[in-house]
Amino acid sequence: MVLLAAAVCSKNGRALISRQFVEMTRSRIEGLLAAFPKLMNTGKQHTFVETESVRYVYQPLEKMYMVLITTKNSNILEDLETLRLFSRVIPEYCRVIDEADIQEHAFELIFAFDEVVALGYRESVNLAQIRTFTEMDSHEEKVFNAVRETQVQDAKMKMRQRAKEIKQKQRDTMRGGRMGGSAMGYGSSNASRMGEVITQSIAPEPTKPKSVPSRSSGKAMKLGAKSKDVDQFVDKLISEGENVRSTGSLKSKKMDIAKTSVPAALTESVHIRIEEKLNITAGRDGGLQQMIMQAMCWLRIADDQYGCIFIKVDNNDDKGCQFQTHPKVDKKAFLSSGIIGLKDPDKPFPLKQDVGILKWGLKTMDESLMPLAINCWPNDNGEGGCDVNIEYELQLEELELIDVCISIPVPSGVGAPNIADLDGDFKHDSRKNILEWTLPVIDASNNTGSMEFSIAGSPDDFFPINVSFHSTKKSFTDIQITGVEMAQGRSPVKYSSESALLVEKYEIV
Amino acid sequence: MTSAESICYTLIYSPSVTDSEPSNEMQIKKDIEHGDIRTKTEALKRVILMTLNGEKLQGLLMTIIKYLLPSADHTVKKLLLIFWEIWPKTDAQGKLRPEMILVCDAYRKDLQHPNEFIRGSTLRFLCKLRQPELIEPLMPAIRSCLDHRHSYVRRNAVLAIYTIYKKFDQLIPDAPELIHEFLEGEKDASCKRNAFMMLIHADQERALDYLSTCIDQVNSFNDILQLVIVELVYKVCHTNPGERARFIRCIYNLLQSSSQAVRYEAAGTLVTLSNAPTAIRAAAQCYIDLIVKEADNNVKLIVLDRLIGLKEHPQHEKVLQELVMDILRALASPDLEVRRKTLDLALDLVTSRNVEDLVKFLEKEVVKSSNVQGHDITDKYRQMLVQTMHSCAVKFPDTAASIIPVLMEFLGDSEELAAEDVLVFVREAVHRYQNHKPLILEKLLEVFPSIRTIKIMRGVLWILGEYCEDTSLILRFVTEIRKSVGELPMVENELKIAAGEAEEAKDEERKGDKPSARRVTEMGTYVTQSAFSVASKSTKDKSGKTIKRPPLRQFFMDGKFSLACSLSTALTKQALRFLDSCRDTRKQNSFIAQCMLILSSVLHLGRSGLPEKPISDDQIDRVGSCLMVLSERHTVMGDIFTSKCRSALAFLLETRAAEESVQRKAAEKNRSALNAIQPDDPINFVQLLAKAEAGSLEDQFELSLSAAVGTLDQKKEARDPAASKLNKVTQLTGFSDPVYAEAYVHINQYDIVLDVLVVNQTSDTLQNCTLELATLGDLKLVEKPSPLTLGPHDFANIKASVKVASTENGLIFGNIVYDIAGAASDRNCVVLNDIHIDIMDYIQAANCSDAEFRKMWAEFEWENKVAVNTNICSLIEYLQHILNCTNMKCLTPEKALGGDSGFLAANLFAKSIFGESALANLSVEKPAGKGPDDPVSGHIRIRAKSQGMALSLGDKITQTQKKSKK
């Protein structure tokens, strides 16, 4: 989308004003504008003309035309949007839209045009914003001016005060021999009283309305200071928010990888997918605050001849999960014999879409069910720094966790941590202030591991720790698909299955 | 560099400034120095306007810097920004003026101004600055603006950094890094967009990095940001096709965006990303959706163009073919252009598989449109539908059977447009599809009595006369004719009516007409019909009563005897056929007698004076000759009537088909030439190409931009061989004049640049040597050349540019004025020779359809008739000569020009680069009875919308029509 120029033409074809937004020569733009009235087709129901090199989009406005010149692959929808905005701008400045009025307000119009388009791209502004932009009524400038004025007044007052003091001194020295020190004391007290009077005269002013900007200095000053505070606060928030968001996006990216890596498995026309999501919050002192596991089993049938099937499930759950089948699935058969099939065996499953057939969940505080236990020991070493020992233990040894990443927040601005001992890899992200401890795989062969580092900071700085991983080999609940059969005839059907264990949130606080 | 060639951002039309005397520089100076703020503002505006109009006010520069630059007024500040945009910042040698340093310092302060809007607009101004020396000291201030609290400042700062980096990257080498960091911390949508746009153009890697962090959230972005994301994807995939796979999902997401503009853009990009049918389908569907949903005709038309463009690719075409029925939904729009485009597209896409559906749909549309009567637009629409169905039937002969009956209904229509097309179609169909012939003829006979218009009647008569071959059909045809003519002999019948025996006549008329008329049409029921509805078919006699006549008789009574010719030919043909098919002599004789009776009765009526206009002599001749043929029954004549006519039609259809196929082949050849790669074509490796060679790989955005800005043309100009330049040099003064001048006239598209060489031939120094120019015609001097001083025997080049606004013979004239240094005399003056501007530089051959030509011919107001006065003896040669010297294009096809007939008529057409059309009709003949060496004679008529065009083209022809003797 590149807008070359915006122009206002009169009905008889004269270009009254034109503002170009890209570099083009004067002869070119004049030529283009001169060609426009001749190209323009009256009587047609559309309002654009194309030539070999450019496109004109126009709109009649009383006795005028508002014309935009764009490139030929410019986005017409966008251009029309811009055109509408332009033609609403004009009546804002011209009461009667005729040649004389446009000429009179040519500069205002050009200023307004500038606000609508930047380098050929439309800005997202509305009329009110354009008005503010062109009026240039800046609060900050008022504040600035007010501050300067008070400064000037202050300086003037000080000057007067100084002058008085000097005069006083001169007078004092004149009669110095006679009055002695007491007069001096009187003079100085007088001066201080003068100062008080001045401060009083400024102090009540904040209550006055700000209609007189030069006098509302006190209030304005305060506001300015406050806004500066707010600015800093917001800045801090932004940086923090940005931190949070970026880690969030990082995590989601990882999960995305896990999710997308799963379908890479060759899928048959019957495909079963089990997805378990973990949501764990653990205390730093070891206790599990809460662990929620939610799992779902999805079925996808691509071929309509396998519409009516039974799925045999081997449920080895010993953790006490709550199972729930889809309302249309025969629950009794599942509970009694571990077979998932529709209540009406003649009806097929929906085709070519992921159908959730079974879901189960677990909510527990039993520490032994945590797949990975993290133990973090920050020790104050007495020199303003901390020695941190952190170790993990794979509690469910049948699991194989992939891409484990333990991110530990570290204090900012104290440099990189000093790593003493380490299993796996680490990465220090100084911008996000995070130390990442990554292990490609954790399984029974390396079911424990530790890391030790020292860095300046206090023990509280190293929480909350975030953990992320995923696993595809074995499900957490140990539910397995053992076979798929046709509803009629019980002949086995070829199927594919996959299971994924994903971490939604794993936090040590 | 003249101002015409320099970059220009602002144009303001201001007659008040150009008209009044520009010598008020002193007044302006006074206003600026001493006026109040309002006077100052007005004065500054005036300065800007004058500068824009090519005045040189160098003397004001210091005044402005001194008195206006320190002003705190916002309006003055903004006006100054515009002022510095247009004010030349360099001197004649291209060096920066020293005063500009002061200006630069003022802007450094403005960049730190507490008012965010002043900061913002100053930053925007910096985007347009082209002097690195001026920008350099401002860099720290610009950088600090990136952290400003207000998004207005930030977003303009990003733009400033972007343009500075683009033009002078040494000033801010770390710009991409800076902006990237800025982007990550930014919240405001506009700032984000600008920053992202900057990254796209400056450092795609970083832009991609950023995009990948937020690729999941694109749907939640603001539409302007989404648009630039689409642009990025397009650009990245263009330079690096391997990346395509990464973005298809993202683009697909954007295809579902809530903003239509984004969807449009995304669809366009998706097509470039992937050729997979699914992708194309998604894009096409998105386009179709836009066409149907957007109410704006502009959108519909342009999106249709995109669909048409999509069709060009053979793979894409297949996908589109499946969507034909969806595309047809666009017909719901009332705009004719949209409908025409849609129908054309659908017709191109239709295949044997879905032609049935298409035809059914069209039929429905036809029925729908015939319910809405009387609108000009619906008539035209119906005509388009008929044409489309016609083409369908030609393309897929199987569909003809279903199309024919529908179309035949139109023949009875009172509107000619659609009916005429139907007729053309029927003629072709009856000739081509032997198997449908009975059906067609049957239908024709059925509708025959209801035909209302003379043209259609003529055509139908011809077809029926030509193709009714069985005895039974022939007999039926003649019966229909008799019914249509009414009671014979006609004159007596009419006289009876006219005799004024109103009641009786009416009764008789009713009796006479009833048996024939009632069966044919509803005419017998005229008692119940309102007079209004049949008004077209009836005349009022003296007593004010309406008289009903059968259709053919009515035509004759209205004096339209051209029908008599068609009727006589048709009847003769039928009679001759009847002779062949029926061996019974009695029947033969009675048939022929019947035909002759009808014809002679028509002749009689024509001469009787009863009709409004009597029959003309030509028509009498025609009918008479037919009667002769009938009475003589000569075999030669019989042959002409029965078989030669048909072979003429066959020939016509053949040549037409041949022409079409030639066109189609040419188009296909073009297409295949575009798509196919010859075995010996060089293969381009993107990595190995130099920048300049990469033209073909340049992406379309850049390409269209440079085309629009006009840089492409300039390259072409540069290639012109210098030798031809000499032809365009005009001598302006004599060799013995004190100042010799010659001009090289360089014609650009819309302007003329005069490059004048001025030579001082005296041994004095010439001061204030000024070239003063004035123009006649639709020309305008863009800027006045500045005065210069010429040393003894010195020379100089002065450039002046003139703007041309329309095609008209123009004149540039002027003089050179100078003072001789040291002499006390008045100013000296040398008058220059005129420079004629030739309009031929502005006229280009162009094409238009016959119908358009006729329409324009009727519309255009100015006609210039030029008598042919030439020494050329051959007609074709003369035409060729005219074409050569006027740049016009001959619209009459070559086949029609062939042959040696002694006369020639041709239509010519051309367009000026300003979009004006010029039409010409050439009618020349070799005068009879003169030898082959005599010149041709005749007229050329030129029509144009504007007088200038018609006149100057006429002048051009008059001047050049004589062939120069070699």
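It should be emphasised that the depicted structure is a prediction, and the values quoted were computed from it without experimental measurement. Quick note on labels: first sequence line is chain A, next is B, and so on, each numbered from 1.
Listed for the A:Arg26 side chain is a donor-acceptor partner under 3.5 Å among the backbone atoms of B:Leu52. The backbone N or O of B:Cys8 lies less than 3.5 Å from a partner atom in the side chain of A:Gln20, making a donor-acceptor pair.
Looking only at heavy-atom pairs under 4.5 Å with chain A, the residue among B:Gln260, B:Lys45, B:Lys300 that has the most is B:Lys45. Of the listed residues (A:Thr132, A:Val125, A:Thr134, A:Leu109), the one with the most heavy-atom contacts under 4.5 Å to chain B is A:Thr132. Interface remark: of the candidates A:Ile17, A:Val8, A:Leu16, A:Leu16 forms the most heavy-atom pairs closer than 4.5 Å to chain B. Contact tally against chain A (heavy-atom pairs below 4.5 Å) for B:Ile118, B:Val228, B:Leu79: the top residue is B:Leu79. The greatest number of non-hydrogen atom pairs below 4.5 Å with chain B, out of A:Ala5, A:Ala15, A:Ser124, is found for A:Ser124.
At a cut-off of 3.5 Å, with distance as the only test, a side-chain donor of A:Glu141 or B:His74 sits close to an acceptor on the other residue.
Partner of A:Phe107 under the side-chain contact (heavy atoms from CB on, under 4.5 Å) criterion, out of B:Ile48, B:Thr10, B:Leu44, B:Thr41: B:Ile48 alone.
Residues A:Glu140 and B:His148 are in side-chain contact: their nearest non-hydrogen atoms beyond the backbone lie under 4.5 Å apart.
With a threshold of 4.5 angstrom between heavy atoms, A:Glu99 approaches chain B through side-chain atoms but not through N, CA, C or O. At a 4.5 Å heavy-atom cutoff, the contact between A:Asp114 and chain B is made by backbone and side-chain atoms alike. For chain B, the nearby part of A:Glu108 is the side chain; its heavy atoms alone come within less than 4.5 Å. Heavy atoms of B:Ser121 lying under 4.5 Å from chain A belong exclusively to its side chain. Only the side chain of A:Leu80 comes within less than 4.5 Å of a heavy atom in chain B; its backbone stays farther off. Only the side chain of A:Ile110 comes within less than 4.5 Å of a heavy atom in chain B; its backbone stays farther off. Interface residue A:Phe133: backbone and side-chain heavy atoms are both found under 4.5 Å from chain B.
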### Message
Could you go through B:Asp223 and A:Arg122, starting from their C-alpha distance and side-chain angles, then the distance that decides it, and tell me whether this counts as side-chain contact (heavy atoms from CB on, under 4.5 Å)?
### Response
CA-CA 10 Å; B:Asp223 57 341; A:Arg122 180 172 73 93; 3.1 Å; yes
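A:Asn75 and B:Ala261 get closest at one heavy-atom pair: ND2-O, 2.8 Å.
Contact check on A:Glu23 versus B:Lys128 returns no salt bridge, with no Lys/Arg side-chain nitrogen under 4.0 Å from an Asp/Glu carboxylate oxygen.
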